[in-house]
K.L.:
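Got a structure for you, written out below as structure tokens; questions coming shortly.
Each chain gets a letter, A, B and so on, in the order the sequences are listed, and its residues count up from 1.
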Amino acid sequence: MSTKDQSITSKTTNKADRHQEKLFLADVKAIIIEAGLGKTRSAILKKQLIVYGGQYHRSIQSDTTHIIASKNIKLARLCTILKIDTIPSNLIVVDADWLSQSLTKGQLIDVGQFNLVKRVQPKTTSVQLDKALTKDDNAATLEHGKKEQIKRHSDASPCTDNSDHNEVPPASQKRPLEEKKISSPVWLKIKRGRFSKTNTKKRAIDNSNIIHQPLDSDSDYVESDDDNNANTSEIEMVLSQLPAKYTAKPSSSWACARPSSLPVKNRNKHITDILEILQKKYENLGDQWRVKGYTKAISSIKNYPREITTREEAEAIPNIGKRLADKIWEIISCGHLRKLDYMDNDVQTALNVFTKIWGAGPATAHNWIAQGLYTLDDIRAKAKLNYHQSIGLKYYDDFNERIPRAEVVEIEAVIREEATAIEPGLEVITCGSYRREKPTCGDVDILISHPNGRSHQGAYHKLLRRLQAKDFLTEILVNQDVDIDHQKLLGVCKLPEEGRKYRRLDIIVVPYREWACSLLYFTGSGHFNRSMRLLARKKRMHLSEHAISVGVLRKVTACSVLKYGNQKLTRGTPVPTKCEADIFALLGLDYLEPKDRDC
DNA sequence: GGGCAATACTG
DNA sequence: CAGTAT
DNA sequence: GCCC
């Protein structure tokens with residue numbers, strides 16, 4: 001009866017856990033504003049608040065600490081409801097998501113990004129408390145201005161405190177902040193004109209009919225850096241013309257709608273370790289959809305605050321269905337999953353090794369194994385390799401090694417130096433996991449463009465030649481040279497010093513009108529991108545690395561066959577974007593900083 | 001029972 | 001087109 | 001795989 005024993009012991013620990021957790025809202029004495037949250041949600045929040053030791057206040061009292069409200073509520077409305085003129089400075093006005101997410105986690109999370117009222121300059125007007133547009137850069141300084149002793153995590157992020165990338169962000173990143181009211185009529189006019197033109201170039205990407213920035217043809221318009229007419233008003237205008245159901249704020253079940261959580265302690269490692277082995281197996285099988293299911297499930301489990309003790313408990317976790325619940329139950333009751341015993345470990349090992357060769361995937365790996373090859377030496381000696389795979393094999397060890405941030409900085413410096421020598425105004429920014437502030441990176445992703453909308457042209461080829469001349473760029477895997485505006489390099493680079501490793505380097509050059517979408521795409525994470533693109537689609541929009549369009553119609557069954565030439569599908573109207581925040585705003589999302597997109 | 005991101009290369 | 005990559 |  002080992003199962004019984006186990007459930008008894010775990011019950012006790014569970015109880016202890018719960019007792020501790022009871023306290024986690026003890027310092028929260030809050031008013032919950034129903035407006036914008038809805039009856040149901042506010043009732044749940046109220047109940048949970050009390051269950052976990054917090055106090056619910058009906059009106060402001062001397063010891064009230066928090067006001068919990070919908071992030072969409074206007075300050076004026078809030079004051080009306082509370083029957084006050086200004087928010088007392090000792091109160092933290094916080095987005096209800098803060099409480100929701102704290103409850104999910106079973107512990108208080110940092111209030112920072114959920115803070116709805118920035119204290120530094122008290123706002124008097126009915127400013128919309130819109131994080132998406134205010135948080136962006138000032139946040140750090142503003143939000144921590146006030147007391148928040150409840151702060152839990154000393155939130156030391158594991159990342160090296162490298163502020164390099166903070167100085168890098170191009171001006172455009174900051175644009176929404178500098179919120180000018182000028183609604184840039186010039187821009188609007190020209191873009192409307194262009195919209196009507198159908199520009200169906202064969203290869204044209206889905207931005208072919210996007211607005212070209214005024215200056216590429218005519219040019220009384222010169223974009224100077226301080227002419228930052230933020231797109232905000234235009235985005236709002238677009239939004240105002242959309243049906244309400246497409247402008248609604250997505251629930252936090254969307255990965256792109258919530259900040260990626262700080263790593264919590266995984267209390268179910270015994271489970272996830274096994275599921276990861278299974279996942280790997282399906283990955284090697286090329287079963288991408290099953291892999292996707294596992295990915296989401298494993299992530300949910302890792303974020304689950306308690307040890308899972310019953311099948312029901314497991315099945316109640318999002319992304320865990322009956323089948324995974326059964327597996328989990330087998331693991332927790334037997335400590336083992338029999339399915340693993342049926343796996344041919346030699347084959348699995350070989351598959352794992354082979355698919356780590358750049359350019360080789362499950363199909364290739366299986367072929368090799370079918371030919372009786374099992375080790376890298378076998379491959380070296382006998383396998384037939386295409387060009388990519390031969391490079392992948394040549395640098396097998398180096399490519400599978402993580403790159404420390406510090407080295408990414410060095411690599412970026414080389415590229416920036418060369419780029420700047422070609423054209424001083426080029427913007428060069430490192431994206432990918434580097435921009436998401438990971439301590440190490442798998443490769444280096446560099447995005448290049450020019451704010452004047454045209455000087456990026458030609459830079460790519462010159463850059464490549466210079467980098468090759470320096471023996472910095474040592475291999476070119478893929479050289480995508482789509483048109484005068486779009487290039488992409490997948491290559492290999494090495495810093496000059498002896499003993500440096502060969503690193504995977506990606507460079508993309510894009511026209512400035514695509515800056516925001518490119519930056520968003522290239523920054524990832526992959527999961528984040530997929531989530532956001534799916535959301536866009538649900539809202540009848542279309543998001544790619546080139547543009548975001550509204551009013552997209554797809555054939556019911558053939559949505560994935562959205563191909564350029566297909567007249568039956570309307571590709572919608574591209575919306576000009578100047579910064580990532582514009583895209584978030586269009587999708588009704590709160591802005592997330594790169595580090596919060598690490599899902 | 002269908003959908004799960006969107007693009008672009010290689011061979 | 002299948003496979004691999006971003 | 002999961003979700004709708």
Side-chain angles (χ1 to χ4, degrees), chain A residues 203-207 253 255-256 275 278-279 281-283 285-301 315 317-328 354-367 384-392 399 431-433 442-447 476-483 486-491 504-508 510 514 517-518 520-538 541-549 552 554 556-564 571:
Chain A
R203 277 198 106 167
I205 341 237
D206 58 11
N207 69 316
S253 64
C256 58
L275 295 185
L278 267 182
Q279 179 186 34
K281 174 188 140 160
Y282 291 119
E283 221 171 287
L285 272 174
D287 188 342
Q288 55 160 324
W289 302 126
R290 191 167 259 125
V291 169
K292 192 169 155 62
Y294 272 82
T295 305
K296 297 182 82 173
I298 291 170
S299 163
S300 295
I301 298 173
E315 205 173 339
I317 299 173
N319 303 310
I320 303 217
K322 192 168 179 322
R323 311 194 60 186
L324 273 176
D326 285 344
K327 291 190 176 64
I328 291 171
F354 292 171
T355 52
K356 281 193 287 190
I357 298 173
W358 200 90
T364 313
H366 273 281
N367 276 337
K384 186 171 163 247
L385 303 169
N386 64 25
Y387 177 67
H388 288 171
Q389 292 154 356
S390 65
I391 301 296
F399 286 1
C431 305
S433 47
D443 61 4
V444 182
D445 304 303
I446 294 192
L447 174 64
I476 293 178
L477 289 158
V478 175
N479 189 353
Q480 257 180 45
D481 194 354
V482 178
D483 58 36
H486 303 86
Q487 294 89 24
K488 179 168 181 173
L489 165 84
L490 309 186
R504 278 276 299 101
L505 170 67
D506 296 346
I507 298 177
I508 58 180
V510 303
E514 296 182 10
C517 288
S518 297
L520 184 73
Y521 157 69
F522 222 27
T523 298
S525 65
H527 183 193
F528 177 86
N529 286 347
R530 293 166 82 162
S531 171
M532 209 167 187
R533 289 170 175 205
L534 184 62
L535 174 65
R537 171 188 285 216
K538 281 258 159 50
M541 300 184 195
H542 182 86
L543 174 62
S544 79
E545 53 271 48
H546 301 296
I548 180 165
S549 307
V552 176
R554 295 175 175 82
V556 185
T557 52
C559 45
S560 59
V561 200
L562 180 69
K563 290 271 155 58
Y564 305 141
R571 283 186 282 144

K.L.:
Are any of A:Tyr294's side-chain N or O atoms less than 4.0 Å away from OP1 or OP2 of D:dC2?
P.N.:
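A:Tyr294 to D:dC2 OP1/OP2: no side-chain N or O under 4.0 Å.
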
K.L.:
Base, sugar-phosphate, or nothing for A:Ile320, non-hydrogen atoms under 4.0 angstrom?
P.N.:
sugar-phosphate

K.L.:
Both A:Gln288 and A:Asn386 contact DNA chain B. Taking the nearest nucleotide for each, which residue is further toward the 5' end?
P.N.:
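Per heavy-atom nearest nucleotide, the more 5' residue is A:Gln288.
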
K.L.:
Of the options B:dT7, B:dC9, C:dT6, whose atoms approach the side-chain atoms of A:Val478 most closely?
P.N.:
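Selected nucleotide (nearest to the side chain): B:dC9.
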
K.L.:
Check the distance between B:dC4's P and A:Asp287's CG and give it to me in whole angstrom.
P.N.:
16 Å

K.L.:
Quote, to the nearest angstrom, the P distance that separates B:dA5 from D:dC3.
P.N.:
15 Å

K.L.:
What's the CG-C1' distance between A:Leu535 and B:dC4, to the nearest Å?
P.N.:
14 Å

K.L.:
If the cut-off is 4.0 Å, is A:Trp358 near the phosphate of C:dT6, judged by side-chain N/O to OP1 or OP2?
P.N.:
yes

K.L.:
Among C:dT4, D:dG1, C:dT6, which is the nearest nucleotide to the side chain of A:Leu324?
P.N.:
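Of the candidates, D:dG1 comes closest.
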
K.L.:
Is A:His527 near enough to B:dC4 that one of its side-chain N or O atoms lies under 4.0 angstrom from OP1 or OP2?
P.N.:
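Looking at the OP1 and OP2 atoms of B:dC4, neither is under 4.0 Å from any side-chain N or O of A:His527.
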
K.L.:
Quick check for you: to the nearest 0.5 Å, what is the distance between A:Asp445 atom CG and A:Thr523 atom OG1?
P.N.:
8.5 Å

K.L.:
Within this structure, what is the CE-to-C1' distance between A:Met541 and B:dA6, rounded to whole angstrom?
P.N.:
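Computing the A:Met541:CE to B:dA6:C1' distance gives 17 Å.
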
K.L.:
Touch check for A:Thr364, heavy atoms < 4.0 angstrom, all strands: base, sugar-phosphate only, or nothing?
P.N.:
sugar-phosphate

K.L.:
Once you round it to whole Å, what is the distance between C1' of B:dT10 and NZ of A:Lys384?
P.N.:
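So the NZ-C1' distance, A:Lys384 to B:dT10, works out to 12 Å.
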
K.L.:
B:dA6 phosphate, OP1 or OP2: any side-chain N/O from A:Arg533 under 4.0 angstrom?
P.N.:
no

K.L.:
Reckon A:Arg537 has a side-chain N or O less than 4.0 Å from the OP1 or OP2 of B:dC4?
P.N.:
yes

K.L.:
Could you check how far CG of A:Asn319 sits from C1' of D:dC4, rounded to whole Å?
P.N.:
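Taking atom C1' of D:dC4 as the reference, CG of A:Asn319 is at 13 Å.
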
K.L.:
What is the distance, rounded to the nearest whole Å, between atom NE2 of A:His486 and atom C1' of B:dT7?
P.N.:
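Checked: the NE2 to C1' distance equals 11 Å.
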
K.L.:
Assign A:Ala360 to base, sugar-phosphate, or nothing according to its heavy-atom contacts below 4.0 angstrom with the strands shown.
P.N.:
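Since only primed, P, OP1 and OP2 atoms lie under 4.0 Å of A:Ala360, the category is sugar-phosphate.
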
K.L.:
So is the aromatic ring of A:Tyr387 stacked onto the base of B:dT10, judging by whether the centres are under 5.5 Å apart and the planes are under 30° apart?
P.N.:
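By the stated criterion, A:Tyr387 and B:dT10 do not stack.
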
K.L.:
Using a 4.0 Å heavy-atom cut-off across all strands, classify A:Lys327 as base, sugar-phosphate, or nothing.
P.N.:
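Contact class for A:Lys327: sugar-phosphate only.
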
K.L.:
Does D:dG1 have OP1 or OP2 under 4.0 Å away from a side-chain N or O of A:Lys322?
P.N.:
no

K.L.:
Compare the minimum distances between each of B:dA5, C:dT4, B:dC9 and the side chain of A:Val482, then state the nucleotide with the smallest one.
P.N.:
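From the listed options, B:dC9 comes nearest.
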
K.L.:
With the side chain of A:Asp506 defined as its heavy atoms from C-beta on, choose the nearest nucleotide among B:dG11, B:dA8, C:dT6.
P.N.:
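Output: C:dT6.
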
K.L.:
Look at all strands and tell whether A:Ala297 reaches a base, only sugar-phosphate, or nothing, counting heavy atoms closer than 4.0 Å.
P.N.:
nothing

K.L.:
Any side-chain heavy atom of A:Ile357 sitting closer than 4.5 Å to one from A:Phe399?
P.N.:
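Side-chain contact under 4.5 Å: no.
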
K.L.:
Mind calculating the distance between CG (A:Asn367) and P (C:dT4) to the nearest angstrom?
P.N.:
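Value for this atom pair: 9 Å.
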
K.L.:
Which whole-number value in Å describes the distance from A:Glu514 CD to B:dA6 P?
P.N.:
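Computing the A:Glu514:CD to B:dA6:P distance gives 17 Å.
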
K.L.:
Relative to the 5' end of DNA chain B, which residue comes earlier, A:Glu545 or A:Leu534, by the nucleotide with the nearest heavy atom?
P.N.:
A:Leu534

K.L.:
At 4.0 Å (heavy atoms only), tell me whether A:Tyr521 reaches a base, stays on the sugar-phosphate, or touches nothing.
P.N.:
base

